[in-house]
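Written below as structure tokens is the structure these notes are about.
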Amino acid sequence: MNKLIENIVAKPIQPGMVGDGFRVFNYIPRGGISQQRISPFLMLDFNPTFDFGPSDHLRGVDVHPHKGFETVTIAYKGSVAHYDSAGNSGVIHPGDVQWMTAGKGILHKEFHEENFSKTGGPFEMVQLWVNLPKKDKEVAPHYQALTTDDIGQVALANKGGIVRVIAGSTQDVSGPAKTYTPINLFDIRLNPAGVFQTSIPSNHHTALLVIEGNIIVNGQSASQHSFVLFKNEGEEINMQADETSIVLLLSGEPIPEPIVSYGPFVMNTEAEIREAIMDFNLGKFGYLE
Amino acid sequence: MQVFKDYLQQHSPITEEQFQFLKKELKVKTYPKGTMVLHEGGTTQVFCFVCSGLLRAYTLDNQGKEHTLQFAPENWWIGDRNSIYFHEPAVFYIDALEDTEVVLITKHFLEEAQTICPDFRKYNERLLHNNIRHMQCRINQLLAATAEERYLDFIQLYPNLTLRISQIMIASYLGITPESLSRVRKALAKKNSY
């Protein structure tokens with residue numbers, strides 16, 4: 001049975017700035033799409049193609065904490081350099097995915113990569129926040145730097161395009177990301193008239209974002225930058241591209257626990273949030289210049 | 001207005017009838033982020049009760065350096081008593097660090113509330129003494145405490161402001177340089193980090 005579509009949400013009217021380097025449209029949480037409704041996903045910000053222009057000043061977000069969840073950064077265009085309080089650093093290039101598990105607490109900062117900043121050019125990114133179940137909220141912070149070579153690829157029939165499997169699996173190809181709860185995250189690149197079919201369990205909360213192009217999904221038209229939210233009924237997803245298109249498909253098994261969010265902290269109770277803030281204030285997440 | 005009503009009812013058993021009578025004295029106002037609420041030398045006849053957002057009171061010295069006297073996040077009061085009670089020009093600036101909604105409270109409201117609700121009089125006195133106590137502690141801190149002691153006191157008083165304002169502003173409240181604040185936070189991290 002085809003997975004039923006609950007709603008197709010257009011791009012929000014106004015972008016917001018995250019620091020001075022990310023001009024994002026926020027899709028989750030928004031309107032009827034609460035963090036509970038789309039659990040385990042907590043937040044999705046999309047920076048559609050935008051050229052900030054050449055700059056000697058490195059645009060980005062200065063030191064900030066995270067605790068209790070994971071951040072997943074998917075680079076489509078442009079490059080981002082990141083640094084953290086555990087001494088890690090790296091650059092996320094187009095095609096790469098950075099999967100950061102904040103766990104018990106980390107400080108990090110992210111800026112446009114120096115050379116990219118100097119030249120300017122198109123910049124396109126998605127940042128997705130994925131919740132951790134209560135039992136894993138205190139794991140030690142760590143990264144999975146998933147480069148293009150690591151990411152599983154499915155070649156679609158009739159030269160229809162490719163599906164880059166970041167997490168989960170489709171058509172016997174598994175993604176490299178290790179997740180704490182069952183999650184599928186597919187970067188789908190369709191050629192004109194390209195077709196992709198997959199099956200996602202009906203208990204997964206499932207959505208897709210049309211990054212570029214226009215598609216027909218389960219009989220309904222989804223235009224560029226629209227967000228398709230599926231009901232928890234049916235399994236099959238069939239999509240066909242009208243033109244060259246890029247689609248991000250996300251699905252996950254809901255985490256049946258309370259969600260209490262305060263800015264960069266996501267815990268299960270208000271008391272845990274207060275403790276997280278105090279831990280951050282007292283330097284328990286470490287230090288980063 | 002509901003936030004202020006809930007606050008009053010939580011702290012002094014003011015009745016619905018009394019609140020409805022007093023409500024005519026109150027006005028809700030919003031200040032977008034960056035708005036100057038009060039200028040030094042200006043006059044004001046109202047306190048601000050912050051329903052949402054964040055206000056800050058500060059002065060500027062001859063070199064143009066800011067010195068922060070107080071932050072007022074949700075459920076805090078802020079105002080220039082010099083102007084409200086002594087009808088003299090305000091001695092500090094108040095600005096909005098976030099989009100902020102306030103209830104403006106006149107001296108007349110406070111007088112009327114104390115007349116019709118004896119419990120409010122007790123609460124208002126307690127609030128005043130608490131304010132004086134806090135000022136005494138703050139003077140002592142600025143004279144005698146180390147930078148780390150000042151910071152530890154700040155995070156008890158304003159736990160979530162470290163996520164909402166810059167290091168520069170926190171330093172200007174603590175009376176230390178941003179570099180000193182960095183050193184304090186680095187030393188704490190060295191001592192406390194997981």
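Chain identifiers are assigned alphabetically (A, B, ...) following the order of the sequence lines, protein sequences preceding nucleic acid strands; residue numbering begins at 1 within each chain. Bear in mind the structure is a predicted one, so any value in this text is a computation, not a measurement.
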With a cut-off of 3.5 Å and sequence neighbours excluded, list every side-chain donor-acceptor pair involving residues 87-96 of chain B.
residue	atom	partner	partner atom	Å
B:Asp95	OD1	B:Arg56	NE	3.4
B:Asp95	OD2	B:Arg56	NH2	3.2

Residue pair B:Arg121, B:Asn124: steps toward the side chain to side chain donor-acceptor pair (under 3.5 Å) verdict
CA-CA 5 Å; B:Arg121 174 181 293 281; B:Asn124 197 40; over 6 Å; no
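If you measure heavy-atom distances from A:Ile277 to chain B, the contacts under 4.5 Å come from the side chain alone. When heavy atoms are compared at a cutoff of 4.5 Å, A:Phe280 approaches chain B by way of both its backbone and its side chain.
Residues of residues 5-17 of chain B placed with any heavy atom under 4.5 Å of a heavy atom in chain A are absent; none qualify.
Every residue two or more places apart in sequence or in another chain was checked for a salt bridge (Lys or Arg N to Asp or Glu O under 4.0 Å) with B:Lys27, and none qualifies.
With B:Thr44 contributing its side chain and B:Val46 its backbone, the two residues share a donor-acceptor pair below 3.5 Å. The main-chain N or O of B:His67 is never found under 3.5 Å from a side-chain atom of B:Ser172 such that the two would form a donor-acceptor pair. Between the side chain of B:Glu25 and the backbone N or O of B:Leu110 there is no donor-acceptor pair closer than 3.5 Å.
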Enumerate, including both backbone and side-chain atoms, all donor-acceptor pairs under 3.5 Å from chain B to chain A.
residue	atom	partner	partner atom	Å
B:Tyr151	OH	A:Asn281	O	2.7
B:Pro159	O	A:Asn281	ND2	2.9
B:Asn160	ND2	A:Tyr262	OH	2.9
B:Thr162	OG1	A:Asn281	OD1	2.5
B:Asn192	ND2	A:Leu282	O	2.8
B:Tyr194	N	A:Lys284	O	3.1
B:Tyr194	OH	A:Asp279	OD2	3.1

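Proximity of the aromatic rings of A:Phe50 and A:Phe123 is defined here by a centroid distance below 6.0 angstrom, and this criterion is not met.
Smallest separation of non-hydrogen atoms from B:Pro73 and B:Val50: O-CB, 3.4 Å.
By the neighbour-count criterion of 12 heavy atoms within 6.0 Å, atom CD1 of B:Ile168 is sparsely surrounded, having that number or fewer from other residues, nucleotides or ligands. More than 12 heavy-atom neighbours from other residues, nucleotides or ligands sit within 6.0 angstrom of CD on B:Glu40.
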